[in-house]
Amino acid sequence: MGMKAAAGVAFQEHAPPGAMGAPLFLVHGAGGTHDHWPEALRRLPGRRVIAVDLPGHGASPPPGERAVPVYARRLVDLLDALGIARAVVGGHSMGGAIALTLALEAPERVAGLLLVGTGARLRVVPGIVQAWADPARASELAISAAGFSFGAGASPELLRAFAEGMAAVAPGVVHGDFTACDAFDVMERLGAIRAPARIVVGAEDRLTPPKYAAFLRANLPGDGLLVVPGVGHMVTWEAPDAVTGEAALLLAGIS
Ligand code: COA
């Protein structure tokens, strides 16, 4: 599938003939691109699926943004440009922060939430944000990030692909992403969200631990909290079938 673009945002679109229901709109995390989502999810039968490259990432032109609400507004612009009134929004990591922000700031646009490896507050380890301000350190930091992003059983190839993908994003954009995560906190605001949520996390996730997912489950409408054994923060790559299956369950209840 090739990339398209609208409102300055590149995206991969899957539009099967006869697709029904609110489209699925997939938002990746810090330093990622659309390909952090399982391929089977990006090609889900019977649903229109749009997987974005956030501004400054992948095929989307720079600059990136430095705050979650600004990314969320850029995605509202994209929904407007595509004429999509309501979407089921899937978010991984920082993408989950963006999805929650969309549900708070543009509730009429959000039919449901698929929240994967994310949380209502995403403080980043001190030092990491600042380190990304030095472009010369990007490839070393991307390798280190890969080391923290997977469960113990993940293959070296998966870690290498993650590090290469992150190193391909401009360091200043990754710095903006971590700045955005570090300031994100909607822990006190989840009660205002009406969209049903399904939640997935890797049991070995060290960046957004299962505790964060449990907090989301306790404070959001809907049902479903899947803790996938043996995998880490990149549950989208480590357990793609589990993530795709949860998405299908969420979508089955949303027209
Ligand atoms: N959901 C539920 N609870 C949360 C939460 C969330 N999203 N975010 C924080 N908390 C909890 C913490 O577990 C902690 O609880 P405790 O006091 O019972 O231990 C409390 O809120 C305060 O935590 P936090 O705001 O994170 O501050 P901190 O000074 O304790 O820790 C870090 C700061 C950066 C060390 C820590 O947040 C961390 O390890 N983060 C994960 C690593 C990372 O960089 N992730 C990247 C995300 S993109």
Side-chain angles (χ1 to χ4, degrees), residues 26-33 36-37 54 56-57 64-72 90-104 113-133 137-138 140-151 159 162-163 165-167 169 171-193 197-222 224-227 231-238:
L26 297 173
V27 188
H28 63 79
T33 68
H36 276 191
W37 289 102
L54 285 168
H57 302 69
E65 304 293 356
R66 310 184 61 78
V68 166
V70 185
Y71 275 129
H92 175 236
S93 198
M94 181 180 75
I98 296 168
L100 288 166
T101 302
L102 280 169
L104 286 163
L113 291 165
L114 176 71
L115 300 171
V116 184
T118 191
R121 173 175 162 100
L122 295 179
R123 288 278 303 282
V124 180
V125 175
I128 295 291
V129 184
Q130 212 34 54
W132 276 97
R137 296 191 60 191
E140 161 220 335
L141 291 168
I143 291 167
S144 156
F148 283 105
S149 295
F150 291 86
L159 271 72
F162 177 93
M166 194 172 199
V169 178
V173 172
V174 182
H175 179 247
D177 287 353
F178 284 130
T179 303
C181 287
D182 200 41
F184 175 72
D185 183 359
V186 296
M187 287 184 76
E188 305 290 328
R189 299 177 65 197
L190 294 183
I193 293 176
R198 271 194 105 84
I199 297 153
V200 185
V201 66
E204 296 179 17
D205 189 331
R206 283 172 282 170
L207 298 180
T208 57
K211 178 182 181 180
Y212 293 9
F215 184 86
L216 292 172
R217 180 66 290 147
N219 291 282
L220 288 172
L225 165 56
L226 180 65
V227 183
V231 311
H233 188 57
M234 284 302 291
V235 56
T236 53
W237 280 6
E238 299 175 89

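Just follow the structure's listing: the first ligand is 1, and inside any ligand the first atom is 1.
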Within 4.0 Å of some non-hydrogen atom of Phe215, the atoms of ligand 1 are 1 (N), 2 (C)
Fit a plane to each ring of Phe178 and Trp132, take the angle between them on a 0 to 90° scale, and name the class: parallel (under 30°), tilted (30 to 60°) or perpendicular (over 60°).
-> tilted
With a 4.5 Å limit on heavy-atom distance, are the side chains of Leu115 and Arg198 in contact?
-> no
Protein heavy atom under 4.0 angstrom of atom 22 (C) of ligand 1, is there one?
-> no
Note, Tyr212 side chain near Asp205 side chain (heavy atom, < 4.5 Å) = no
Which residue supplies the protein heavy atom nearest to atom 14 (C) of ligand 1, what is that atom called, and how far is it?
-> Lys211 NZ, 3.9 Å
Any non-hydrogen protein atom less than 4.0 Å away from atom 31 (O) of ligand 1 | no
Among all protein heavy atoms, pick the one closest to atom 47 (C) of ligand 1 and tell me residue, atom and distance.
-> Leu207 O, 3.9 Å
Who's the nearest protein heavy-atom neighbour of atom 40 (N) of ligand 1, and how far?
-> Arg123 O, 3.3 Å
Check whether any side-chain heavy atom of Leu190 lies under 4.5 Å from a side-chain heavy atom of Leu100, and answer yes or no.
-> yes
Taking the side chain as every heavy atom from C-beta outward, state whether Val186 and Ile193 have any atom pair closer than 4.5 Å.
-> no
Nearest to atom 7 (N) of ligand 1, what protein heavy atom do you find, and at what distance?
-> Arg121 O, 2.8 Å
Tell me, do Met94 and Tyr71 make a side-chain contact under 4.5 Å, heavy atoms counted?
-> yes
Kindly indicate whether the side chain of Met187, heavy atoms from C-beta on, has any atom under 4.5 Å from the side chain of Phe215.
-> yes
For atom 17 (O) of ligand 1, is some protein heavy-atom partner under 4.0 Å away?
-> no
For ligand 1, is there an atom lying under 4.0 Å from some heavy atom of Ala30?
-> no
Sub-4.0 Å protein heavy atom next to atom 2 (C) of ligand 1 | yes
Can you find a pair of side-chain heavy atoms, one from Val201 and one from Val235, that are under 4.5 Å apart?
-> no
May I ask whether atom 45 (N) of ligand 1 is less than 4.0 Å from at least one protein heavy atom?
-> yes
Atoms of ligand 1 under 4.0 Å from any heavy atom of Ala120, numbered from 1 in the order shown, are 7 (N)
Are Thr236 and Val200 close enough, and set up right, to give a side chain to side chain contact (heavy atoms under 4.5 Å, CB included), and what steps lead you there?
-> CA-CA 9 Å; Thr236 53; Val200 185; over 6 Å; no
Proximity to ligand 1 by part of Cys181, non-hydrogen separation under 4.0 Å | side chain
Heavy-atom protein contact below 4.0 Å for atom 35 (C) of ligand 1 | no
Mark the output for Val125 as yes if a heavy-atom distance to ligand 1 is under 4.0 Å, and as no if none is.
-> yes
Taking side chain as C-beta onward, heavy atoms only, is Leu216 less than 4.5 Å from Thr118?
-> yes
At under 4.0 Å between heavy atoms, which part of Met187 makes contact with ligand 1: side chain, backbone, both or neither?
-> side chain
Between the main-chain N or O of Gly232 and the side-chain N or O of Glu238, is there a donor-acceptor pair closer than 3.5 Å?
-> yes
Of the choices Phe184, Tyr212, Phe178, which has the non-hydrogen atom that lies closest to atom 9 (C) of ligand 1?
-> Tyr212
